[in-house]
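Each chain gets a letter, A, B and so on, in the order the sequences are listed, and its residues count up from 1.
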Amino acid sequence: MKEANRFLCPGFSLAQTIESGQCFRWKKWEEGRYTVLSGARQVTLAQAGDSILFLDEVSEGEAAYWRNYFDWDRDYEQIKKELSAKDQVMAMTIPAGSGIHILRQEFFETLMGFIISQNNHIPRIKGIMERICQSCGEEIGAGVYSFPTPEQLATVTEEEFRWLGAGFRARYLVDAVGKVVSGQIREEDLRQMETAEAKAALMTICGVGEKVADCVLLFGLGRWEVFPTDVWIRRMMEQLYFRGKEASLKEIQKKAEKKFGAYRGLAQQYLFYYGREGQGHGGRRKADDKDKRHAAAGSGGNCLPDSGI
DNA sequence: CTCCAGGGATCAG
DNA sequence: CTGATCCATGGA
């Protein structure tokens with residue numbers, strides 16, 4: 001075989017995976033056809049049945065990168081089987097998002113993306129990410145830009161992030177960039193750490209709480225043993241595992257660990273997708289479910305602009 | 001127009 | 001440790 005421009009990926013859904021809220025730099029052209037960006041790369045793909053087609057010429061190296069990015073070599077069928085066998089709720093919820101894979105995204109880009117994601121909509125998150133790329137990244141194609149490196153963002157001020165639309169998250173982005181550039185947060189170190197330790201390290205960044213840290217661990221560092229718990233997941237878990245009664249974050253995470261074990265990151269995606277599909281994007285909630293908010297008291301640190309290294 | 005978003009920091013009890 | 005409020009913006 002000469003060019004690797006076609007991959008057989010039984011059970012994989014390009015649309016479900018891309019649109020499950022894991023990544024923010026992509027464009028849908030038409031049904032089943034997407035351009036996806038990661039770091040300084042882009043690829044345009046189409047799904048035809050069980051096959052994924054690369055619509056542009058790609059080197060073997062590029063193809064290998066995306067193969068890893070989309071996690072095509074993992075046996076999801078086996079994992080789904082295990083989750084379904086162990087838990088009846090999983091057996092019910094998995095079919096909705098059965099084709100979802102957990103992406104292996106670039107660490108820094110994932111960190112920035114999920115800081116931006118807080119209290120925000122996907123379309124706007126995408127816009128902010130794109131503007132960051134346009135203003136600080138490099139042009140890697142016609143009107144297409146790479147996600148900037150930490151060094152390329154090192155001089156961006158809070159005010160400038162605000163101009164790019166980041167809003168109150170601008171301060172958080174500056175803090176994140178600073179901690180990465182200064183070496184206070186190093187990807188290689190995080191990869192060496194136990195998950196709990198890596199999570200604590202991430203949470204020293206201002207604007208990174210439990211949920212964002214878990215997302216970075218899951219989507220940017222390949223740690224499946226986390227369970228990012230947002231309002232949707234909380235709602236789903238309470239509904240499906242706590243008889244509709246309120247449960248604390250701790251209780252939810254403990255339940256997730258017990259039910260989904262080392263696969264809770266993936267299980268979380270199934271639950272999220274199921275909840276979104278089933279209840280719609282309009283944010284329907286139980287009739288008299290008042291808005292609840294939670295404070296996750298961070299033990300680890302203030303958020304004053306850091307003065308130095 | 002107002003409502004709200006795959007949260008988190010901050011300040012009260 | 002739990003609860004309430006604010007945060008900036010732009011889709012819907």
Full working for salt bridge (Lys or Arg N to Asp or Glu O under 4.0 Å) between A:Glu187 and A:Arg191: CA-CA 6 Å; A:Glu187 178 180 355; A:Arg191 288 191 182 278; 2.9 Å; yes
Whole angstrom value for the distance that separates C1' of B:dG7 from CH2 of A:Trp232: 16 Å
Validation row, ring centre A:Phe12 to ring centre A:His101 under 6.0 Å: yes
Whole-Å gap separating C1' (B:dG7) and CE (A:Met112): 17 Å
Salt bridge present between A:Arg264 and A:Glu225 (N-O < 4.0 angstrom): no
Check: A:Phe219 ring centroid to A:Phe114 ring centroid under 6.0 Å: yes
Sugar-phosphate, base or nothing in reach of A:Ile125, heavy atoms under 4.0 Å: nothing
For atom CG of A:Leu164 and atom P of C:dA8, their distance in whole Å: 16 Å
For atom CD1 of A:Ile205 and atom C1' of B:dA9, their distance in whole Å: 15 Å
Whole-Å distance separating the NZ atom of A:Lys199 from the P atom of B:dG7: 15 Å
Distance, rounded to the nearest Å, where A:Met203 contributes CE and B:dA9 contributes C1': 12 Å
Stepwise side-chain hydrogen bond (donor to acceptor under 3.5 Å, both in side chains) check, A:Gln105 with A:Ser38: CA-CA 7 Å; A:Gln105 300 183 66; A:Ser38 174; over 6 Å; no
Whole-Å distance separating the CZ atom of A:Phe227 from the P atom of B:dG7: 15 Å
Separation between the P atoms of B:dG8 and C:dG10, rounded to whole Å: 22 Å
Protein-nucleotide distance (A:Glu158, atom CD; C:dC7, atom C1'), rounded to Å: 12 Å
Pairing nucleotide - B:dT10, Watson-Crick or G-U, each distance under 3.5 Å: C:dA4
Residues which pass side chain to side chain donor-acceptor pair (under 3.5 Å) with A:Ser98, listed by chain and number, not counting sequence neighbours: A:Lys80
Watson-Crick or G-U wobble partner of C:dA12, both distances under 3.5 Å: B:dT2
Non-hydrogen side-chain atoms of A:Leu53 and A:Leu45 separated by less than 4.5 Å: no
Touch class at under 4.0 angstrom, heavy-atom based, for A:Gly209 against every strand present: sugar-phosphate
Table of protein N/O atoms under 3.5 Å from nucleotides 9-12 of chain C N/O atoms:
from: C:dT9; atom 1: O4'; to: A:Arg124; atom 2: NH1; distance (Å): 2.9
from: C:dT9; atom 1: O4'; to: A:Arg124; atom 2: NH2; distance (Å): 3.3
from: C:dT9; atom 1: O2; to: A:Arg124; atom 2: NE; distance (Å): 3.2
from: C:dT9; atom 1: O2; to: A:Arg124; atom 2: NH2; distance (Å): 3.0

